[in-house]
Amino acid sequence: MTKIAGKFTISKINFDNFQEKIKNIDDFKKELENASEKKTSDLLEIILTGAIILDASDFHIEPEEKQARTRARIDGMLQDATTLKPEIYNALLSRIKMLSGIKLNITNKAQDGRFSVVINTATIEVRASTLPAEYGESIVLRILNPKNLMELEKLGLRNSLLAIFNQEVKKPNGMIIVTGPTGSGKTTTLYAFLKKIQKPEIKIITIEDPIEYHLKGISQTQVDPKKGYDFANGLRSIMRQDPNVILVGEIRDFETAQIALQAALTGHLVLSTLHANDAASTISRLIDLGVSPNSIAPGLNMVVAQRLVRKVCKKCAKLEEISVQDMKQIKKALKNISSEIKIPDLNGKIKIYKTGKGCEYCNFTGHKERTGIFESFINNDEIKQFILSSSSASGLRQIIIKRGMLTLYQDGLIKVLKRETTLEEIKRATGK
């Protein structure tokens, strides 16, 4: 293992050895416990290697009164890893700060940094965040593994929606907004759009906070508020670079939203994210930011809302017949969906998966990997007229559902019937 500022190199031999040893969260715990008395760099190597092998999105180190607790987020859920003695936690904190370019002598405010993990020819970016807490500084390492970048076809879109996505992303201008809470896969969807349209004759520029994944052939920029390069100023600069496609990491304020919509109206395809609860709420959220409906109505092409749900572990999950009560709920929810969307005959006996008891393959959770559930609408003349006359999210929702939009809940139920996930998981993700 070689240590360079800003880079943490793990030898292929060490990584391969850990791959043989770490098959699940219990194996990871054992390796961490065995390494807790070793050198700080050895402990950090096991943390990073184990997190990468288990496809963890984040690793948390949380100081408590007499120890530090560590947890890994796998398939969206946190799982306990091990505990660290205070002196080991302090050494690990200093090592991570140095590696990430975070100031060691500042402990009373939040700091962010990043470093790279190099394994053979692969480079994985890690975002580090420290936050003052009662007994020290809480640390979160976000693992940005480029293998998690997906094609549109791998996101979990039903065929009819995939066809719409492919059609909309090929348009030369207009805005596509992807909405949902933190951790719902919005950035993955935006990057999937970029991968679909990327070719030498198209210039694509992004402005992100921060750059999460590096894409070849795309000009990526990162906001730097200290130097006056925020989303709004960055967008103005990007417009002078003759782009065809612009990706704005997130719309947070009026100025960014207004410039992005103006870009969409002047011959650019603009992709961005926004925090809203569902697809219909996106319009009222933009209006709340101060954007005029006169800009939204003609500038917006498509809105997508999404969530991530855990898939069942096929190695330990068991099929069970749907209960009478659950069947009533499913029939009611899917009563008016289009006949073009194929689902099993709800009048026959149907078996669905319940959460498995857990096994080594799924880290004893009953779930393995995640997929997306989606709702989306395309802006048409009827919706444009509605946007110009009203900001009611509930009114817009009625219109787009009447026009055939499946809600997040309905899309999730179809995945339940197709035995991809569980009813409990859909209820958890959608709040039903």
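Small disclaimer: the values here were computed from a predicted structure and weren't measured. Residues take their numbers from the sequence shown, with the count starting at 1.
In this structure, Q111 contributes its side chain and T130 its backbone to no donor-acceptor pair below 3.5 Å. T179 places a side-chain N or O within 3.5 Å of a backbone atom of A276 that can act as its donor or acceptor partner. No side-chain donor-acceptor contact under 3.5 Å links E125 to the backbone of R142. In this structure a side-chain-to-backbone donor-acceptor pair under 3.5 Å is missing from K227 to V223. A distance-only check finds a donor-acceptor pair linking the side chain of S338 to the backbone of E340 [under 3.5 Å]. In this structure, N363 contributes its side chain and T365 its backbone to no donor-acceptor pair below 3.5 Å. Looking at D224, its side chain never comes within 3.5 Å of a backbone N or O of Y229 through a donor-acceptor pair. A donor-acceptor pair is defined here as one N or O able to donate and one able to accept, closer than 3.5 Å; no such pair exists between the side chain of K354 and the backbone of L423. Without hydrogens or angle criteria, K415 side chain to G156 main chain gives a donor-acceptor distance under 3.5 Å. Under the 3.5 Å distance criterion, the side-chain polar atoms of N379 are matched with a main-chain donor or acceptor of A297.
Within the model, atoms CD1 of I52 and CD1 of I119 stand 4.0 Å from one another, a figure rounded to the nearest 0.5 Å. Here the straight-line distance linking atom OG of S129 with atom CD1 of I96 works out to 11.0 Å at 0.5 Å rounding. To the nearest 0.5 angstrom, F28 atom CZ is 12.0 Å from D80 atom CG. Here L261 contributes atom CG and I177 contributes atom CD1; the two are 6.5 Å apart, rounded to the nearest 0.5 Å. Between atom OG of residue S391 and atom CD1 of residue I287 there is a gap of 5.0 Å, rounded to the nearest 0.5 Å. Note that CZ of F15 and CD1 of I22 are 9.0 Å apart. Values are rounded to the nearest 0.5 Å.
Taking the six-membered ring for Trp and thresholds of 30 and 60 degrees, F193 and F165 have ring planes inclined between 30 and 60 degrees apart.
Shown here is K357, whose NZ atom has no more than 12 heavy atoms of other residues, nucleotides or ligands within 6.0 Å. No more than 12 heavy atoms of other residues, nucleotides or ligands sit less than 6.0 Å from atom NZ of K315. Within 6.0 Å of NZ in K318 there are 12 or fewer heavy atoms belonging to other residues, nucleotides or ligands. When the shell of 6.0 Å around NZ of K331 is examined, it contains more than 12 heavy atoms from other residues, nucleotides or ligands. The local environment of CG in N159 is sparse, with at most 12 non-hydrogen atoms from other residues, nucleotides or ligands closer than 6.0 Å. Environment of CG in N90: crowded, with over 12 heavy atoms of neighbouring residues, nucleotides or ligands closer than 6.0 Å.
Between the side chains of S392 and S390, no donor N or O sits under 3.5 Å from an acceptor N or O. Side chains of S138 and E62: no donor on one and acceptor on the other come within 3.5 Å. Under the 3.5 Å distance criterion, with hydrogens and angles disregarded, a donor-acceptor pair is assigned to the side chains of T189 and Q306. With hydrogens and angles left out, the side-chain atoms of S323 and Q325 include no donor and acceptor closer than 3.5 Å.
Ion pair R252/D209 flagged as a salt bridge, since at least one NZ, NE, NH1 or NH2 atom sits closer than 4.0 Å to an Asp/Glu carboxylate oxygen. Salt-bridge annotation for K203 and D242: absent, with no side-chain N of the basic residue lying under 4.0 Å from a carboxylate O of the acidic one. Salt bridge status for E424 with K427: absent, with no side-chain N to carboxylate O gap under 4.0 Å. Between D411 and R158, at least one side-chain nitrogen of the basic residue sits less than 4.0 Å from a carboxylate oxygen of the acidic one, meeting the salt-bridge criterion. Using a cutoff of 4.0 Å between basic side-chain nitrogens and carboxylate oxygens, E151 and K195 are scored as salt-bridged. Salt bridge D112/R127: absent, no basic N to carboxylate O contact under 4.0 Å. A salt bridge does not link R307 to E375: none of the charged nitrogens lies less than 4.0 Å from a carboxylate oxygen. Salt bridge annotation for R403-E382: present, with a cationic side-chain nitrogen under 4.0 angstrom from a carboxylate oxygen.
Taking the salt bridge (Lys or Arg N to Asp or Glu O under 4.0 Å) definition, one finds that D55 meets it with K147, sequence neighbours left out.
With contacts defined as side-chain heavy-atom distances shorter than 4.5 Å, the pair L84/T82 qualifies. Considering only heavy atoms from C-beta on, I25 comes within 4.5 Å of I74 through its side chain. Counting heavy atoms from C-beta on, the side chains of E321 and K349 come closer than 4.5 Å. For the pair E250/K186, no side-chain contact is recorded, criterion being any heavy-atom separation below 4.5 Å from C-beta on. Side-chain contact between H367 and K311 is absent, with no heavy atoms from C-beta onward closer than 4.5 Å. Using a 4.5 Å cut-off on side-chain heavy atoms (C-beta onward), R370 and T421 make no contact. For the pair I322/I330, a side-chain contact is recorded, criterion being any heavy-atom separation below 4.5 Å from C-beta on. At least one side-chain heavy atom of I251 sits under 4.5 Å from a side-chain heavy atom of M175.
Summarising the geometry of I61 relative to A68, their closest heavy-atom pair is CG2-CB, 4.5 Å, with the distance given to 0.1 Å. When all heavy atoms are compared, the tightest approach of Y353 to T422 is O-CG2, 3.5 Å. Of all the heavy atoms in L235 and I246, the pair that sits closest is CD2-CG2, 3.8 Å. In plain terms, the two heavy atoms of L247 and E208 that are nearest each other are CD2-CG, 4.1 Å. Closest heavy-atom contact between F8 and L99: CD1-CD2, 3.8 Å. Pairing each heavy atom of P293 with each of L388, the nearest pair is O-CD2, 3.6 Å.
Exactly one of I139, L43, T70 qualifies for a side chain to side chain contact (heavy atoms under 4.5 Å, CB included) with L92. That residue is L43.
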Starting from the C-alpha separation in whole Å, work towards a yes-or-no answer on side chain to side chain contact (heavy atoms under 4.5 Å, CB included) for V178 and L190. CA-CA 8 Å; V178 182; L190 287 187; 3.8 Å; yes
Please walk me through it: do R419 and V312 pass side chain to side chain contact (heavy atoms under 4.5 Å, CB included)? CA-CA 8 Å; R419 299 176 178 175; V312 292; over 6 Å; no
Would you check, one step at a time, whether the test salt bridge (charged side-chain N to carboxylate O under 4.0 Å, His left out) holds for K97 with E137? CA-CA 11 Å; K97 279 188 164 186; E137 291 177 83; 2.9 Å; yes
Report the C-alpha separation of I352 and L319 in whole Å, then their side-chain angles, then the decisive distance to 0.1 Å, and conclude whether the side chain to side chain contact (heavy atoms under 4.5 Å, CB included) test is met. CA-CA 5 Å; I352 59 173; L319 287 170; 5.6 Å; no
Evaluate the side chain to side chain contact (heavy atoms under 4.5 Å, CB included) criterion for residues I350 and M327: first the C-alpha distance (whole Å), next the side-chain angles of each, then the deciding distance (0.1 Å), finally the verdict. CA-CA 9 Å; I350 296 175; M327 181 56 81; 3.9 Å; yes
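Taking the ring axis of F115 as reference, the NZ or CZ atom of K7 does not stay both within 45° of it and closer than 6.0 Å to the ring centre.
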